[in-house]
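For the single chain, residues carry numbers from 1 onward in sequence order.
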Amino acid sequence: GTTGSPPTQDATAMESIELLFRESVESAQDAVLPLVESAQEAVAPVMASVYEAVMPAFTYSFADFAKDGYISQETHAFLTHEPLQPIADAASFPVDQINYVLCLLLAFPLALTFRLIPTSLPTLRHLYGLVLGLAMGFFCFRVFLAHVLFSSLVSYLLILISDPKYVHKRVFIFMMTYMTLLHVYRAIAYRNLYVLDVTGPQMILTQKLTTLAFGIYDGHVNKIKQPKTRVVPSRLPADKLAELRVVTVRPTLLEFFGHALFGPGLLAGPTHDFALYKDFIEGKSQFAGGVPSSFLVSFAKLFAAITCMVIMQLPGILGFDIGHHLFVDAEWVANNNFITRVLYCVIACLCIRMRYYFAWLLADGANNVAGMGYNGKGDDGKDRWDGITNVDVFGVELATSMKLVLDNWNIQTQNWLRYVCYDRNKSVNLTMFLSALWHGLEPGYVLTFLTAGYNTGVSRKVRAYFRAGYQTSDALKFRYNLLTWVATILFLDYVVGPFVYLDVAPSFKFWYNFYFAGHIALIVLQVLTPKTKKKPAATKPKSQ
(Lines give C-alpha, C1' and ligand atoms only; values in the text may rest on other atoms or scores of the structure.)
Protein backbone atom coordinates (compact mmCIF):
# COMPACT_ATOMS: atom_id res chain seq x y z
CA GLY A 1 0.00 0.00 0.00
CA THR A 2 0.95 3.65 -0.27
CA THR A 3 1.88 5.81 2.70
CA GLY A 4 0.35 9.20 3.50
CA SER A 5 -3.00 10.56 2.44
CA PRO A 6 -3.76 11.64 -1.12
CA PRO A 7 -4.17 15.39 -1.77
CA THR A 8 -7.69 16.72 -1.42
CA GLN A 9 -9.70 17.71 -4.48
CA ASP A 10 -9.63 21.36 -3.39
CA ALA A 11 -5.83 21.36 -3.16
CA THR A 12 -5.50 19.67 -6.54
CA ALA A 13 -7.91 22.18 -8.09
CA MET A 14 -5.98 25.13 -6.61
CA GLU A 15 -2.68 23.75 -7.94
CA SER A 16 -4.24 23.30 -11.39
CA ILE A 17 -5.62 26.83 -11.37
CA GLU A 18 -2.28 28.28 -10.24
CA LEU A 19 -0.43 26.28 -12.91
CA LEU A 20 -2.85 27.47 -15.61
CA PHE A 21 -2.54 31.04 -14.36
CA ARG A 22 1.25 30.89 -14.36
CA GLU A 23 1.37 29.45 -17.88
CA SER A 24 -0.97 32.18 -19.14
CA VAL A 25 1.09 34.92 -17.51
CA GLU A 26 4.34 33.42 -18.81
CA SER A 27 2.93 33.49 -22.34
CA ALA A 28 1.94 37.13 -21.92
CA GLN A 29 5.35 37.92 -20.44
CA ASP A 30 7.14 36.26 -23.37
CA ALA A 31 5.18 38.51 -25.71
CA VAL A 32 5.47 41.78 -23.76
CA LEU A 33 8.96 41.79 -22.24
CA PRO A 34 10.85 41.76 -25.57
CA LEU A 35 8.89 44.89 -26.54
CA VAL A 36 9.76 46.54 -23.22
CA GLU A 37 13.43 45.62 -23.57
CA SER A 38 13.49 46.97 -27.15
CA ALA A 39 11.94 50.23 -25.97
CA GLN A 40 14.54 50.51 -23.20
CA GLU A 41 17.36 49.88 -25.69
CA ALA A 42 15.95 52.59 -27.96
CA VAL A 43 15.59 55.14 -25.15
CA ALA A 44 18.98 54.48 -23.52
CA PRO A 45 21.09 56.27 -26.20
CA VAL A 46 18.76 59.28 -26.07
CA MET A 47 19.08 59.50 -22.29
CA ALA A 48 22.86 59.16 -22.57
CA SER A 49 22.98 62.01 -25.10
CA VAL A 50 20.85 64.21 -22.85
CA TYR A 51 23.12 63.41 -19.94
CA GLU A 52 26.29 64.29 -21.88
CA ALA A 53 24.77 67.55 -23.11
CA VAL A 54 23.10 68.84 -19.95
CA MET A 55 24.74 67.23 -16.96
CA PRO A 56 28.20 68.87 -16.93
CA ALA A 57 26.68 71.82 -15.06
CA PHE A 58 25.42 69.40 -12.43
CA THR A 59 28.45 67.13 -12.23
CA TYR A 60 31.22 69.72 -12.12
CA SER A 61 32.06 69.20 -8.47
CA PHE A 62 33.89 71.36 -5.97
CA ALA A 63 36.78 68.95 -6.31
CA ASP A 64 37.03 70.16 -9.92
CA PHE A 65 36.88 73.78 -8.73
CA ALA A 66 39.79 73.10 -6.40
CA LYS A 67 41.75 71.20 -9.03
CA ASP A 68 41.27 74.00 -11.56
CA GLY A 69 42.31 76.63 -9.04
CA TYR A 70 38.97 78.42 -8.63
CA ILE A 71 38.90 77.73 -4.89
CA SER A 72 41.54 76.73 -2.38
CA GLN A 73 42.02 73.19 -1.13
CA GLU A 74 41.08 74.44 2.37
CA THR A 75 37.76 75.77 1.09
CA HIS A 76 37.11 72.51 -0.72
CA ALA A 77 37.84 70.53 2.45
CA PHE A 78 35.40 72.69 4.44
CA LEU A 79 32.62 72.47 1.87
CA THR A 80 32.81 68.69 1.55
CA HIS A 81 33.67 67.68 5.12
CA GLU A 82 31.30 65.19 6.79
CA PRO A 83 31.79 65.54 10.56
CA LEU A 84 29.56 62.53 11.32
CA GLN A 85 31.35 60.18 8.91
CA PRO A 86 33.21 58.35 11.74
CA ILE A 87 29.88 57.69 13.50
CA ALA A 88 28.35 56.47 10.24
CA ASP A 89 31.29 54.14 9.64
CA ALA A 90 31.08 52.73 13.17
CA ALA A 91 27.32 52.18 12.89
CA SER A 92 27.52 50.89 9.29
CA PHE A 93 24.85 53.41 8.38
CA PRO A 94 24.87 55.90 5.47
CA VAL A 95 26.08 59.30 6.61
CA ASP A 96 23.45 61.13 4.53
CA GLN A 97 20.67 59.40 6.49
CA ILE A 98 22.36 60.15 9.83
CA ASN A 99 22.67 63.85 8.90
CA TYR A 100 19.05 63.93 7.79
CA VAL A 101 17.58 62.31 10.91
CA LEU A 102 19.78 64.40 13.21
CA CYS A 103 18.52 67.64 11.63
CA LEU A 104 14.90 66.49 11.88
CA LEU A 105 15.42 65.82 15.59
CA LEU A 106 17.35 69.07 16.22
CA ALA A 107 14.52 70.98 14.56
CA PHE A 108 12.38 70.36 17.66
CA PRO A 109 14.47 72.39 20.16
CA LEU A 110 15.59 74.90 17.53
CA ALA A 111 12.00 75.63 16.50
CA LEU A 112 11.21 76.70 20.07
CA THR A 113 13.01 79.98 19.37
CA PHE A 114 10.03 81.09 17.27
CA ARG A 115 8.06 81.16 20.51
CA LEU A 116 10.58 83.66 21.93
CA ILE A 117 10.51 86.05 18.97
CA PRO A 118 7.32 88.15 19.09
CA THR A 119 5.21 88.67 15.99
CA SER A 120 5.87 92.40 16.39
CA LEU A 121 9.36 91.62 15.01
CA PRO A 122 8.49 89.88 11.72
CA THR A 123 11.88 90.66 10.15
CA LEU A 124 13.66 88.76 12.94
CA ARG A 125 11.25 85.84 12.57
CA HIS A 126 11.86 85.71 8.81
CA LEU A 127 15.62 85.81 9.34
CA TYR A 128 15.66 83.13 12.01
CA GLY A 129 13.64 80.68 9.89
CA LEU A 130 15.83 81.45 6.87
CA VAL A 131 19.14 81.01 8.71
CA LEU A 132 17.90 77.79 10.28
CA GLY A 133 16.95 76.45 6.85
CA LEU A 134 20.28 77.44 5.34
CA ALA A 135 22.20 75.77 8.17
CA MET A 136 20.24 72.52 7.97
CA GLY A 137 20.35 72.50 4.19
CA PHE A 138 24.11 73.01 4.06
CA PHE A 139 24.72 70.41 6.78
CA CYS A 140 22.75 67.77 4.86
CA PHE A 141 23.52 68.64 1.23
CA ARG A 142 26.64 70.82 1.32
CA VAL A 143 27.22 72.67 -1.95
CA PHE A 144 24.21 71.06 -3.62
CA LEU A 145 22.05 73.47 -1.61
CA ALA A 146 23.04 75.93 -4.34
CA HIS A 147 20.34 74.35 -6.53
CA VAL A 148 17.66 75.38 -4.04
CA LEU A 149 19.07 78.91 -3.81
CA PHE A 150 19.51 79.39 -7.55
CA SER A 151 16.06 78.10 -8.53
CA SER A 152 14.49 80.21 -5.76
CA LEU A 153 16.23 83.36 -7.01
CA VAL A 154 15.17 82.79 -10.62
CA SER A 155 11.58 82.15 -9.52
CA TYR A 156 11.57 85.35 -7.50
CA LEU A 157 12.78 87.33 -10.50
CA LEU A 158 10.05 85.75 -12.63
CA ILE A 159 7.46 86.76 -10.03
CA LEU A 160 8.75 90.35 -10.01
CA ILE A 161 8.87 90.88 -13.78
CA SER A 162 5.97 88.74 -15.02
CA ASP A 163 2.47 89.92 -15.74
CA PRO A 164 0.06 88.19 -13.30
CA LYS A 165 -1.68 86.63 -16.34
CA TYR A 166 1.44 84.58 -17.08
CA VAL A 167 3.37 84.36 -13.82
CA HIS A 168 1.91 80.98 -12.83
CA LYS A 169 2.86 79.38 -16.15
CA ARG A 170 6.40 80.77 -16.17
CA VAL A 171 7.24 79.77 -12.61
CA PHE A 172 5.60 76.38 -13.06
CA ILE A 173 7.51 75.61 -16.27
CA PHE A 174 10.83 76.78 -14.83
CA MET A 175 10.53 74.96 -11.49
CA MET A 176 9.27 71.71 -13.02
CA THR A 177 12.03 71.81 -15.66
CA TYR A 178 14.75 72.47 -13.11
CA MET A 179 13.48 69.75 -10.80
CA THR A 180 13.26 67.33 -13.74
CA LEU A 181 16.92 67.98 -14.58
CA LEU A 182 17.82 67.13 -10.99
CA HIS A 183 15.76 63.95 -11.30
CA VAL A 184 17.71 63.06 -14.46
CA TYR A 185 20.98 63.58 -12.63
CA ARG A 186 19.81 61.49 -9.67
CA ALA A 187 18.58 58.68 -11.92
CA ILE A 188 21.98 58.43 -13.58
CA ALA A 189 24.39 59.30 -10.77
CA TYR A 190 22.66 57.28 -8.04
CA ARG A 191 21.18 54.47 -10.07
CA ASN A 192 19.89 51.61 -7.87
CA LEU A 193 21.02 53.50 -4.75
CA TYR A 194 18.89 55.01 -1.99
CA VAL A 195 20.46 58.43 -1.40
CA LEU A 196 18.98 61.42 0.44
CA ASP A 197 20.09 64.16 -1.91
CA VAL A 198 18.89 67.70 -2.61
CA THR A 199 16.05 66.57 -4.89
CA GLY A 200 13.88 66.11 -1.76
CA PRO A 201 13.99 69.79 -0.70
CA GLN A 202 13.78 70.78 -4.37
CA MET A 203 10.50 68.87 -4.72
CA ILE A 204 9.07 70.66 -1.68
CA LEU A 205 10.35 73.98 -3.02
CA THR A 206 8.65 73.33 -6.35
CA GLN A 207 5.32 72.96 -4.57
CA LYS A 208 5.83 76.12 -2.52
CA LEU A 209 6.87 78.41 -5.35
CA THR A 210 4.39 77.17 -7.94
CA THR A 211 1.60 77.51 -5.35
CA LEU A 212 2.75 81.09 -4.69
CA ALA A 213 2.71 81.90 -8.42
CA PHE A 214 -0.77 80.41 -8.85
CA GLY A 215 -1.87 82.36 -5.77
CA ILE A 216 -0.73 85.61 -7.39
CA TYR A 217 -2.58 84.65 -10.58
CA ASP A 218 -5.77 83.88 -8.65
CA GLY A 219 -5.52 87.11 -6.66
CA HIS A 220 -4.87 89.42 -9.62
CA VAL A 221 -6.58 87.71 -12.56
CA ASN A 222 -9.33 85.53 -11.08
CA LYS A 223 -10.00 88.23 -8.46
CA ILE A 224 -10.40 85.70 -5.66
CA LYS A 225 -10.67 87.57 -2.37
CA GLN A 226 -8.55 86.76 0.66
CA PRO A 227 -10.45 84.95 3.44
CA LYS A 228 -10.90 86.43 6.90
CA THR A 229 -9.22 83.36 8.40
CA ARG A 230 -6.96 80.67 7.01
CA VAL A 231 -8.30 77.89 9.21
CA VAL A 232 -8.29 74.75 7.05
CA PRO A 233 -11.57 72.78 7.13
CA SER A 234 -11.48 69.01 7.43
CA ARG A 235 -12.60 68.63 3.81
CA LEU A 236 -11.47 71.27 1.35
CA PRO A 237 -13.85 72.25 -1.46
CA ALA A 238 -12.15 73.52 -4.60
CA ASP A 239 -13.08 77.17 -4.08
CA LYS A 240 -11.85 77.09 -0.48
CA LEU A 241 -8.51 75.57 -1.54
CA ALA A 242 -7.91 78.47 -3.93
CA GLU A 243 -9.18 81.06 -1.46
CA LEU A 244 -6.72 79.94 1.23
CA ARG A 245 -3.77 80.33 -1.16
CA VAL A 246 -4.61 83.63 -2.84
CA VAL A 247 -1.88 86.32 -2.80
CA THR A 248 -2.75 89.93 -3.67
CA VAL A 249 0.65 91.55 -2.99
CA ARG A 250 3.95 90.20 -4.29
CA PRO A 251 6.33 89.18 -1.47
CA THR A 252 9.46 91.10 -0.55
CA LEU A 253 12.82 89.40 -1.00
CA LEU A 254 13.04 88.50 2.71
CA GLU A 255 9.45 87.23 2.84
CA PHE A 256 10.04 85.13 -0.25
CA PHE A 257 13.25 83.43 0.92
CA GLY A 258 11.96 83.08 4.48
CA HIS A 259 9.02 81.13 3.05
CA ALA A 260 11.11 79.13 0.56
CA LEU A 261 13.78 78.04 3.09
CA PHE A 262 11.71 77.93 6.28
CA GLY A 263 13.90 75.83 8.59
CA PRO A 264 11.49 73.31 10.19
CA GLY A 265 9.96 72.47 6.81
CA LEU A 266 12.97 72.49 4.48
CA LEU A 267 14.02 68.84 4.64
CA ALA A 268 10.75 66.90 4.74
CA GLY A 269 8.02 69.52 4.56
CA PRO A 270 5.19 69.64 5.09
CA THR A 271 4.83 72.24 2.39
CA HIS A 272 2.80 75.32 3.25
CA ASP A 273 1.51 78.16 1.11
CA PHE A 274 2.92 81.69 1.30
CA ALA A 275 -0.26 83.32 2.65
CA LEU A 276 -0.36 80.96 5.63
CA TYR A 277 3.37 81.49 6.27
CA LYS A 278 2.98 85.27 6.27
CA ASP A 279 0.07 85.09 8.71
CA PHE A 280 2.20 82.87 10.96
CA ILE A 281 5.13 85.27 10.91
CA GLU A 282 3.00 88.38 11.48
CA GLY A 283 0.56 86.83 13.96
CA LYS A 284 -2.60 87.23 11.89
CA SER A 285 -5.71 85.11 11.28
CA GLN A 286 -5.72 82.05 13.59
CA PHE A 287 -2.27 83.09 14.88
CA ALA A 288 -3.57 86.43 16.21
CA GLY A 289 -3.37 86.79 19.97
CA GLY A 290 -0.68 84.15 20.32
CA VAL A 291 -0.46 80.44 19.57
CA PRO A 292 -1.31 77.94 22.34
CA SER A 293 1.20 75.42 23.63
CA SER A 294 1.93 72.55 21.27
CA PHE A 295 3.98 70.51 23.75
CA LEU A 296 1.60 67.56 23.98
CA VAL A 297 0.79 67.33 20.28
CA SER A 298 4.45 67.73 19.25
CA PHE A 299 5.57 65.12 21.77
CA ALA A 300 2.82 62.77 20.54
CA LYS A 301 4.06 63.12 16.95
CA LEU A 302 7.66 62.59 18.07
CA PHE A 303 6.63 59.45 19.93
CA ALA A 304 4.61 58.23 16.95
CA ALA A 305 7.60 58.83 14.65
CA ILE A 306 9.91 56.83 16.90
CA THR A 307 7.30 54.05 17.06
CA CYS A 308 7.21 53.94 13.26
CA MET A 309 11.00 53.71 13.17
CA VAL A 310 10.93 50.78 15.62
CA ILE A 311 8.30 48.97 13.55
CA MET A 312 10.37 49.62 10.43
CA GLN A 313 13.46 48.07 12.01
CA LEU A 314 11.70 45.26 13.90
CA PRO A 315 11.86 42.57 11.17
CA GLY A 316 15.60 43.12 10.77
CA ILE A 317 16.12 43.00 14.54
CA LEU A 318 14.27 39.70 14.66
CA GLY A 319 16.34 38.34 11.77
CA PHE A 320 13.35 38.30 9.45
CA ASP A 321 14.27 39.19 5.85
CA ILE A 322 11.46 41.09 4.14
CA GLY A 323 13.55 43.05 1.64
CA HIS A 324 11.81 43.91 -1.61
CA HIS A 325 14.51 41.96 -3.47
CA LEU A 326 12.72 38.75 -2.45
CA PHE A 327 9.74 39.35 -4.73
CA VAL A 328 11.88 39.37 -7.88
CA ASP A 329 14.10 36.49 -6.77
CA ALA A 330 13.21 33.41 -8.85
CA GLU A 331 14.42 30.91 -6.24
CA TRP A 332 12.53 32.55 -3.37
CA VAL A 333 9.36 32.82 -5.45
CA ALA A 334 9.59 29.17 -6.49
CA ASN A 335 9.94 28.06 -2.86
CA ASN A 336 6.99 30.10 -1.55
CA ASN A 337 3.38 29.77 -2.62
CA PHE A 338 1.16 32.66 -3.62
CA ILE A 339 -0.38 33.21 -0.18
CA THR A 340 3.05 33.30 1.50
CA ARG A 341 4.27 35.82 -1.05
CA VAL A 342 1.25 38.02 -0.40
CA LEU A 343 1.79 37.94 3.37
CA TYR A 344 5.47 38.81 2.99
CA CYS A 345 4.55 41.64 0.63
CA VAL A 346 2.01 43.08 3.10
CA ILE A 347 4.65 43.17 5.87
CA ALA A 348 7.37 44.55 3.57
CA CYS A 349 5.16 47.35 2.24
CA LEU A 350 4.01 48.25 5.76
CA CYS A 351 7.66 48.73 6.77
CA ILE A 352 8.30 50.84 3.68
CA ARG A 353 5.37 53.10 4.58
CA MET A 354 6.78 53.43 8.11
CA ARG A 355 9.85 55.13 6.63
CA TYR A 356 7.66 57.89 5.22
CA TYR A 357 5.55 58.15 8.37
CA PHE A 358 8.72 58.60 10.41
CA ALA A 359 9.99 61.59 8.39
CA TRP A 360 6.60 63.26 7.98
CA LEU A 361 5.61 62.96 11.63
CA LEU A 362 8.97 64.36 12.77
CA ALA A 363 8.73 67.30 10.36
CA ASP A 364 5.10 67.98 11.31
CA GLY A 365 5.96 67.90 15.01
CA ALA A 366 8.87 70.32 14.57
CA ASN A 367 6.64 72.75 12.67
CA ASN A 368 4.08 72.53 15.49
CA VAL A 369 6.77 73.36 18.04
CA ALA A 370 7.35 76.63 16.17
CA GLY A 371 3.59 77.26 16.03
CA MET A 372 3.19 76.52 12.33
CA GLY A 373 0.27 74.20 11.66
CA TYR A 374 -2.03 75.65 14.31
CA ASN A 375 -5.50 75.48 12.84
CA GLY A 376 -7.75 77.23 15.34
CA LYS A 377 -10.24 75.43 17.53
CA GLY A 378 -12.47 72.58 16.49
CA ASP A 379 -16.19 72.18 17.12
CA ASP A 380 -15.34 70.58 20.48
CA GLY A 381 -13.41 73.68 21.56
CA LYS A 382 -10.04 71.92 21.45
CA ASP A 383 -7.00 73.29 19.64
CA ARG A 384 -6.41 71.82 16.19
CA TRP A 385 -2.88 71.21 14.92
CA ASP A 386 -3.65 69.73 11.51
CA GLY A 387 -3.18 72.85 9.39
CA ILE A 388 -0.23 71.44 7.44
CA THR A 389 -0.36 67.78 8.50
CA ASN A 390 1.07 65.55 5.79
CA VAL A 391 -0.21 62.12 6.83
CA ASP A 392 -2.93 60.46 8.87
CA VAL A 393 -1.38 57.08 9.66
CA PHE A 394 -4.60 55.39 10.75
CA GLY A 395 -6.43 57.03 7.86
CA VAL A 396 -4.07 55.25 5.46
CA GLU A 397 -3.80 51.92 7.26
CA LEU A 398 -7.57 51.60 7.82
CA ALA A 399 -8.67 53.03 4.46
CA THR A 400 -11.50 51.24 2.68
CA SER A 401 -10.69 52.68 -0.74
CA MET A 402 -7.68 53.98 -2.63
CA LYS A 403 -9.31 57.41 -2.60
CA LEU A 404 -9.14 57.41 1.21
CA VAL A 405 -5.50 56.28 1.00
CA LEU A 406 -4.69 59.27 -1.21
CA ASP A 407 -6.74 61.61 0.98
CA ASN A 408 -4.61 60.69 4.00
CA TRP A 409 -1.20 60.06 2.39
CA ASN A 410 1.16 62.95 1.57
CA ILE A 411 -1.79 65.26 2.13
CA GLN A 412 -0.09 68.52 1.21
CA THR A 413 1.12 67.07 -2.08
CA GLN A 414 -2.44 65.95 -2.85
CA ASN A 415 -3.63 69.50 -2.10
CA TRP A 416 -0.93 70.89 -4.40
CA LEU A 417 -1.94 68.55 -7.22
CA ARG A 418 -5.57 69.57 -6.76
CA TYR A 419 -4.76 73.27 -6.66
CA VAL A 420 -2.42 73.58 -9.65
CA CYS A 421 -3.87 70.81 -11.82
CA TYR A 422 -7.03 68.85 -11.05
CA ASP A 423 -9.30 71.72 -9.96
CA ARG A 424 -8.33 73.60 -13.13
CA ASN A 425 -8.91 70.86 -15.71
CA LYS A 426 -10.72 67.96 -13.90
CA SER A 427 -8.45 65.38 -15.56
CA VAL A 428 -7.45 62.44 -13.36
CA ASN A 429 -4.92 61.16 -15.90
CA LEU A 430 -3.21 64.54 -16.30
CA THR A 431 -3.05 64.91 -12.52
CA MET A 432 -1.56 61.42 -12.16
CA PHE A 433 0.99 62.28 -14.87
CA LEU A 434 2.00 65.45 -13.02
CA SER A 435 2.34 63.43 -9.82
CA ALA A 436 4.58 60.92 -11.57
CA LEU A 437 6.71 63.70 -13.11
CA TRP A 438 7.04 65.44 -9.74
CA HIS A 439 8.23 62.21 -8.10
CA GLY A 440 10.85 61.56 -10.77
CA LEU A 441 11.57 60.25 -14.25
CA GLU A 442 11.88 56.59 -13.30
CA PRO A 443 9.35 54.51 -15.26
CA GLY A 444 8.22 52.81 -12.05
CA TYR A 445 6.50 56.01 -10.96
CA VAL A 446 4.61 56.16 -14.25
CA LEU A 447 3.52 52.52 -13.96
CA THR A 448 2.25 53.06 -10.43
CA PHE A 449 0.32 56.24 -11.16
CA LEU A 450 -1.17 54.99 -14.44
CA THR A 451 -2.47 51.91 -12.65
CA ALA A 452 -3.73 54.03 -9.76
CA GLY A 453 -5.48 56.34 -12.23
CA TYR A 454 -7.24 53.40 -13.90
CA ASN A 455 -8.23 52.11 -10.47
CA THR A 456 -9.92 55.44 -9.69
CA GLY A 457 -12.46 55.03 -12.48
CA VAL A 458 -13.10 51.35 -11.78
CA SER A 459 -13.51 51.94 -8.03
CA ARG A 460 -16.09 54.66 -8.61
CA LYS A 461 -18.12 52.32 -10.80
CA VAL A 462 -17.93 49.40 -8.34
CA ARG A 463 -18.73 51.58 -5.34
CA ALA A 464 -21.70 53.20 -7.05
CA TYR A 465 -23.20 49.80 -7.85
CA PHE A 466 -22.47 47.76 -4.71
CA ARG A 467 -22.23 50.10 -1.73
CA ALA A 468 -25.91 51.01 -1.32
CA GLY A 469 -26.90 47.37 -0.89
CA TYR A 470 -24.58 47.01 2.11
CA GLN A 471 -25.86 50.01 4.06
CA THR A 472 -29.13 48.49 5.26
CA SER A 473 -27.76 47.05 8.53
CA ASP A 474 -24.74 47.35 10.82
CA ALA A 475 -23.73 43.75 10.05
CA LEU A 476 -23.70 44.39 6.29
CA LYS A 477 -21.83 47.67 6.77
CA PHE A 478 -19.17 45.85 8.78
CA ARG A 479 -18.77 43.15 6.12
CA TYR A 480 -18.55 45.76 3.37
CA ASN A 481 -15.97 47.81 5.27
CA LEU A 482 -13.91 44.71 6.13
CA LEU A 483 -13.92 43.45 2.55
CA THR A 484 -13.05 46.84 1.05
CA TRP A 485 -10.31 47.38 3.66
CA VAL A 486 -8.62 44.07 2.82
CA ALA A 487 -8.96 44.77 -0.90
CA THR A 488 -7.54 48.28 -0.50
CA ILE A 489 -4.45 47.17 1.45
CA LEU A 490 -3.74 44.32 -0.96
CA PHE A 491 -4.13 46.57 -4.01
CA LEU A 492 -2.03 49.32 -2.40
CA ASP A 493 0.81 46.88 -1.77
CA TYR A 494 0.46 45.55 -5.31
CA VAL A 495 0.36 48.90 -7.11
CA VAL A 496 3.36 50.44 -5.30
CA GLY A 497 5.74 47.69 -6.42
CA PRO A 498 7.09 49.75 -9.37
CA PHE A 499 7.30 52.77 -7.04
CA VAL A 500 9.91 50.80 -5.07
CA TYR A 501 11.75 49.07 -7.94
CA LEU A 502 11.66 52.12 -10.28
CA ASP A 503 12.88 50.23 -13.37
CA VAL A 504 10.56 48.54 -15.87
CA ALA A 505 12.00 45.01 -15.79
CA PRO A 506 11.85 44.38 -12.01
CA SER A 507 8.47 46.15 -11.84
CA PHE A 508 6.93 43.77 -14.36
CA LYS A 509 8.69 40.85 -12.71
CA PHE A 510 7.15 41.85 -9.38
CA TRP A 511 3.67 42.00 -10.91
CA TYR A 512 4.33 38.78 -12.81
CA ASN A 513 5.18 36.93 -9.60
CA PHE A 514 1.77 37.98 -8.30
CA TYR A 515 0.15 36.90 -11.59
CA PHE A 516 -0.81 40.50 -12.46
CA ALA A 517 -3.70 39.87 -10.08
CA GLY A 518 -4.36 43.57 -9.44
CA HIS A 519 -4.68 44.45 -13.12
CA ILE A 520 -6.79 41.39 -13.88
CA ALA A 521 -9.11 42.20 -10.97
CA LEU A 522 -9.58 45.75 -12.25
CA ILE A 523 -10.34 44.59 -15.77
CA VAL A 524 -12.82 41.96 -14.55
CA LEU A 525 -14.58 44.46 -12.29
CA GLN A 526 -14.65 47.04 -15.08
CA VAL A 527 -16.25 44.57 -17.50
CA LEU A 528 -18.64 42.73 -15.18
CA THR A 529 -19.91 45.55 -12.96
CA PRO A 530 -23.14 46.96 -14.43
CA LYS A 531 -23.46 50.69 -14.82
CA THR A 532 -25.50 52.41 -12.16
CA LYS A 533 -28.42 54.28 -13.59
CA LYS A 534 -28.39 57.90 -12.59
CA LYS A 535 -31.49 59.06 -10.80
CA PRO A 536 -33.39 61.64 -12.82
CA ALA A 537 -33.10 65.12 -11.43
CA ALA A 538 -36.14 66.27 -9.56
CA THR A 539 -38.15 68.79 -11.55
CA LYS A 540 -39.57 71.79 -9.85
CA PRO A 541 -43.29 72.40 -10.38
CA LYS A 542 -44.05 75.29 -12.63
CA SER A 543 -45.25 78.37 -10.86
CA GLN A 544 -48.86 79.26 -11.51
Report the C-alpha distance between F93 and I87 in whole Å, list the side-chain angles of each, state the deciding distance to 0.1 Å, and finish with yes or no for side chain to side chain contact (heavy atoms under 4.5 Å, CB included). CA-CA 8 Å; F93 210 74; I87 298 176; over 6 Å; no
Please lay out, stage by stage, how S294 and R115 fare under the test side chain to side chain donor-acceptor pair (under 3.5 Å). CA-CA 11 Å; S294 60; R115 301 278 183 165; 2.9 Å; yes
Residue pair D89, Q85: steps toward the side chain to side chain donor-acceptor pair (under 3.5 Å) verdict: CA-CA 6 Å; D89 294 338; Q85 188 65 56; 2.8 Å; yes
For the pair V420 and L434, evaluate side chain to side chain contact (heavy atoms under 4.5 Å, CB included) and give the outcome as yes or no after the intermediate values. CA-CA 10 Å; V420 303; L434 175 59; 4.0 Å; yes
Test log, rule side chain to side chain contact (heavy atoms under 4.5 Å, CB included), inputs L362 and L105: CA-CA 7 Å; L362 276 184; L105 291 172; 4.0 Å; yes
Side chain to side chain contact (heavy atoms under 4.5 Å, CB included) between Y422 and L417, intermediate numbers included: CA-CA 6 Å; Y422 182 78; L417 291 169; over 6 Å; no
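Within the 3.5 Å criterion, the main-chain N or O of I224 finds no donor-acceptor partner in the side chain of N222. Within the 3.5 Å criterion, the main-chain N or O of Y374 finds a donor-acceptor partner in the side chain of Q286. Side-chain atoms of N368 come within 3.5 Å of backbone N or O of M372 as a donor-acceptor pair. Between the side chain of N390 and the main chain of Q412, a donor-acceptor pair closer than 3.5 Å is present. Between the side chain of N455 and the main chain of T451, no donor-acceptor pair closer than 3.5 Å is present. A donor-acceptor pair is defined here as one N or O able to donate and one able to accept, closer than 3.5 Å; such a pair exists between the side chain of N408 and the backbone of L404. A donor-acceptor pair under 3.5 Å links the side-chain atoms of S151 to the main chain of V148, judged by distance alone. Distance alone, capped at 3.5 Å, places no donor-acceptor pair between the Y357 side chain and the T307 backbone. Put simply, the side chain of W438 gets close to the backbone of M203: a donor and an acceptor are under 3.5 Å apart. In terms of modelled atom types and a separation under 3.5 Å, the side chain of Q226 and the main chain of E243 share no donor-acceptor contact.
In plain terms, the two heavy atoms of A242 and Y419 that are nearest each other are CA-CE1, 3.5 Å. The nearest pair of heavy atoms linking L267 to C140 is CD1-SG, 4.0 Å. Nearest approach of L110 to L132, heavy atoms of both residues: CD1-CD1, 3.5 Å. V167 and I159 make their closest contact through CG2-CA, 3.8 Å (heavy atoms, listed as atom of the first residue, atom of the second, distance). Closest non-hydrogen pair, A111 versus A366, comes out as CB-O, 3.5 Å. Nearest heavy-atom pair, K426 versus D423, reported as atom, atom and distance to 0.1 Å: NZ-OD1, 3.8 Å.
To the nearest 0.5 Å, atoms CG (L254) and NE2 (H126) are separated by 5.5 Å. The structure places CG of L302 at 4.5 Å from CZ of F108, a figure rounded to the nearest 0.5 Å. W360 contributes atom CH2, which lies 9.0 Å from atom CD1 of I411 (distance to the nearest 0.5 angstrom). The line from OG of S155 to CG of L205 is 7.0 Å long, rounded to the nearest 0.5 Å. Atom CG of L158 and atom CD1 of I173 lie 10.0 Å apart (nearest 0.5 Å). Atom-to-atom distance recorded for T199:OG1 and M179:CE is 9.5 Å, nearest 0.5 angstrom.
Inter-residue side-chain proximity for N367 and F262 is flagged as met; some heavy-atom pair is nearer than 4.5 Å. Residues M309 and V101 form no side-chain contact, since every pair of their non-hydrogen atoms from C-beta on lies 4.5 Å or further apart. When side chains are defined from C-beta on, E82 counts as touching N99, because their heavy atoms get closer than 4.5 Å. In this structure, T180 and L441 have side chains that are in contact, with non-hydrogen atoms separated by less than 4.5 Å. Two residues are said to be in side-chain contact when any heavy atoms from C-beta on lie closer than 4.5 Å; R250 and I216 meet this criterion. In this structure, the side chains of F257 and P251 stay at 4.5 Å or more apart for every pair of heavy atoms.
A side chain to side chain contact (heavy atoms under 4.5 Å, CB included) with L212 holds for exactly one of Y156, Y277, F256, Y217; it is F256.
Classification of R384 and D386 as a salt-bridged pair holds, one side-chain N sitting under 4.0 Å from a carboxylate O. Ionic pairing of D493 and R353 is present here: one or more N-O contacts between side-chain nitrogen and carboxylate oxygen are shorter than 4.0 angstrom.
By the 6.0 Å and 45° rule, R142 stacks over the aromatic ring of F138.
Summarising the local packing, NZ of K377 is surrounded by more than 12 heavy atoms from other residues, nucleotides or ligands at distances under 6.0 Å. D379 CG: 12 or fewer foreign heavy atoms inside a 6.0 Å radius. For F394, the CZ atom counts as loosely surrounded, since its 6.0 Å shell holds 12 or fewer non-hydrogen atoms of other residues, nucleotides or ligands. A 6.0 Å sphere centred on CZ of F433 holds no more than 12 heavy atoms belonging to other residues, nucleotides or ligands.
Ring geometry for F280 against F114 counts as tilted: the plane angle lies between 30° and 60°, on a 0 to 90° scale.
For the residue pair T210 / W416, a side-chain donor-acceptor distance below 3.5 Å is found, with atom types taken as modelled.
Less than 6.0 angstrom separates the ring centroid of F499 from the ring centroid of H439. Ring centroids of H259 and H272 are separated by less than 6.0 Å, placing the two rings close together.
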